[in-house]
Trainee: 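First the structure, then my questions, so here it is.
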2 protein chains.
Amino acid sequence: MGTARSRLLAAALDLFMRHGVSGTSLQMIADELGVTKAAVYHQFHSKEDIVEAVIAPALAELEAVADAAEAQRRRNDRLRVALEGVVDLVVRHRGLFAMIMTDPQVGRLVRSRPPLRGLEERIEAVLTGPEPDAETLVNSAMVSGALMVAGLDPRLAGLDDETLRRHLTATVFRMLHVRRRATS
Amino acid sequence: MGTARSRLLAAALDLFMRHGVSGTSLQMIADELGVTKAAVYHQFHSKEDIVEAVIAPALAELEAVADAAEAQRRRNDRLRVALEGVVDLVVRHRGLFAMIMTDPQVGRLVRSRPPLRGLEERIEAVLTGPEPDAETLVNSAMVSGALMVAGLDPRLAGLDDETLRRHLTATVFRMLHVRRRATS
DNA sequence: GTCTATAGGGCGATAGAC
DNA sequence: GTCTATCGCCCTATAGAC
């Protein structure tokens, strides 16, 4: 079963994805675990703390992806590393990124925390490059949305990680005109 | 300024997109208009009524797009008509479709209303065709997400309708391997 | 169409016993 | 770690005057 804390986070994530963050009350989380609200407050001091703990691991991984992408010398390699990294995260965490991107409350929280602030911008900068034209701007926005929804759509829930990863990668590369192989 | 009703709907849409539906209270809507909550309840009997009225026009247009697409004989034409129609809707309504697709509360509402129920499925069926393989399933899900976020992203807010429409169309066609011209 | 006033309930959060 | 009990707030919604 894991620790009380990890069971709480798992239940919270499930409810957040099904009802949204502001649509999920602490009472719902407590009911899901079969305990009272006060027991929830023993683990986390506020609802915001819960949201933060739920998204923290994925954001840390996203930061590592940004680091790895920015370290590449060639633009095509930066794109390739960023896209492969983000696809991998989306596949492994499925709905979590959809929750982060679509829920306005989560968005505010992410943007208010200094270490995370700018992470979005770093990824976007890798995808678009400096001074992007309209087409590049539109396409990179579309990639975000396309990946986000891929982790959410119930029709894709039955696909295994490897199949989903392969098709996602192929299509985002096609969207942004990225060459498939690393530059030798 | 328009009627009280239309001003209310405009204010509600703006707040729904900024804070989400469950993150928006009737008090916030009333404040935005400079009136009291009771004045809001004079126009609509419940919050759900407001949500329904906000999304109704766009959903009616979406239904017309589904009709037009299903009337095409060839698969490529069905795809082309559906995608061009949806792109047009997304461009003209911008954030509205993002709100419909991402907010769990709105999703429940849409799926609970019989005339609208199945509309999602009709559009999806046109995009995927019968018994789609994994790649087709993934790609059509990605198209939904890509279009959704395009209406939401603040970076694209400055683009005029025609520019946005052109790039969105080009990229979704590329995602789904659709030929650009109508079948003669 | 808009107001004041209020009902009734769920919310996040706290205190203190076990 | 979990409980009972409670606080104060804000929510949706209603009633009735102007």
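Reminder, nothing fancy here: chain letters follow the sequence lines and each chain counts from 1.
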Trainee: Checking the side chain of A:S140 only, and the main-chain atoms of A:L137 only, is there a donor and an acceptor separated by less than 3.5 Å?
Mentor: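 Looks like yes, one N/O pair under 3.5 Å.
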
Trainee: Taking any heavy-atom pair under 4.0 Å as a contact, classify A:T36: base, sugar-phosphate, or nothing.
Mentor: base

Trainee: Mark yes or no for whether A:R113, through its side chain, and A:L109, through its backbone, hold a donor-acceptor pair below 3.5 Å.
Mentor: no

Trainee: Does this structure show an ion pair linking A:D161 with A:R92, if we count only N-O contacts that are shorter than 4.0 Å?
Mentor: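 No, A:D161 and A:R92 are not salt-bridged.
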
Trainee: Name the residue closer to the 5' end of DNA chain C, choosing between A:L26 and A:A38 according to the nucleotide with the nearest heavy atom.
Mentor: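 Closest to the 5' end, via its nearest nucleotide, is A:L26.
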
Trainee: Rounded to whole angstroms, how far apart are CD on A:E48 and C1' on C:dA13?
Mentor: 14 Å

Trainee: Using the side-chain heavy atoms of A:Q43, tell me which of these nucleotides is nearest: D:dG1, D:dC3, C:dG12.
Mentor: D:dG1

Trainee: Decide, yes or no, whether a salt bridge links B:D77 with B:R73 under the criterion of side-chain N to carboxylate O below 4.0 Å.
Mentor: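 So B:D77 does not pair with B:R73 through a salt bridge.
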
Trainee: Write down the distance between NE2 (A:H42) and C1' (C:dG12), rounded to a whole number of angstrom.
Mentor: 18 Å

Trainee: Can you identify which nucleotide, out of D:dT2, C:dT2, C:dA13, has its nearest atom closest to the A:A39 side chain?
Mentor: D:dT2

Trainee: For D:dC10, take OP1 and OP2 only and decide whether either is under 4.0 Å from a side-chain N or O of B:S25.
Mentor: no

Trainee: Rounded off to whole Å, could you give me the NZ-to-P distance for the A:K37 and D:dC7 pair?
Mentor: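 Nearest whole value for this atom pair: 14 Å.
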
Trainee: Nearest to the side chain of A:R7, which nucleotide is it out of C:dC11, D:dT2, D:dT14?
Mentor: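 Per side-chain heavy atoms of A:R7, the pick is D:dT2.
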
Trainee: Mind calculating the distance between OH (A:Y41) and P (C:dG16) to the nearest angstrom?
Mentor: 18 Å

Trainee: When the distance from CD1 of A:I29 to P of D:dT2 is rounded to whole Å, what number comes out?
Mentor: 14 Å

Trainee: Could you tell me how far apart B:D49 (CG) and D:dT14 (P) are, to the nearest whole angstrom?
Mentor: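 About 10 Å, once rounded to whole Å.
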
